[in-house]
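Report on the structure given below.
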Amino acid sequence: MKFELGKGELNTRVLSELANTPRNDFKISSDTWQRLETFRAIIDKAAKGSEQVYGINTGFGFLANKKIPID
């Protein structure tokens, strides 16, 4: 199966085929890489910041108000 993330539809059928096919022609489009880098910068900034962001620099569930140290 040939698939490029960021182009075409990513649905459960495609995910299942990607997960269950040993050899896939899987690529990530350059536009998608750029968006991932942008989102990563946002997450890194939030993780280092003093404001609590659920699941980024806090725990989950009952630990949602527990800030996780940057180190």
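Values below: all heavy atoms of this structure, side chains included; hydrogens, waters and symmetry mates excluded.
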> Do T21 side-chain atoms and L18 backbone N/O form a donor-acceptor pair below 3.5 Å?
Replying inline: no

> Just by distance, do the side chain of S29 and the backbone of G6 share a donor-acceptor pair under 3.5 Å?
Replying inline: no

Count I, L, V, M, F, W, Y as connected when their side-chain heavy atoms are under 4.5 Å apart, and connections chain through other members. Are [X] and [Y] then in the same cluster?
| X | Y | result |
| --- | --- | --- |
| L63 | V53 | no |
| I42 | I68 | no |
| I28 | F3 | yes |

>> Using every non-hydrogen atom in the two residues, find where N57 and G49 come nearest and quote the distance to one decimal.
In response: ND2-O, 3.7 Å

> Which pair of heavy atoms, one from A46 and one from I56, lies closest together, and at what distance?
Replying inline: CB-CG2, 4.0 Å

>> Using 0.5 Å steps for rounding, measure from the CG atom of D31 to the NZ atom of K7.
In response: 8.0 Å

>> Can you list everything that forms a side chain to side chain donor-acceptor pair (under 3.5 Å) with S16? Sequence neighbours excluded, please.
In response: N20

>> Using the rule given for side-chain contact (heavy atoms from CB on, under 4.5 Å), can you reason through T58 versus N65, listing the C-alpha separation, both sets of side-chain angles and the distance that settles it, and then say yes or no?
In response: CA-CA 6 Å; T58 72; N65 294 320; over 6 Å; no

> Is there any salt bridge (Lys or Arg N to Asp or Glu O under 4.0 Å) pair reaching into residues 42-68, and which pairs are they, with sequence neighbours excluded?
Replying inline: R40-D44

>> What verdict does the side chain to side chain donor-acceptor pair (under 3.5 Å) test give for T38 and R35, after you've listed the backbone C-alpha separation in whole Å, the side-chain angles of each residue and the deciding distance to 0.1 Å?
In response: CA-CA 5 Å; T38 300; R35 289 184 307 186; over 6 Å; no

>> Tell me which pairs pass ring-ring contact (aromatic ring centres under 6.0 Å, His included) where either residue lies in residues 28-55, with sequence neighbours left out.
In response: Y54-F60

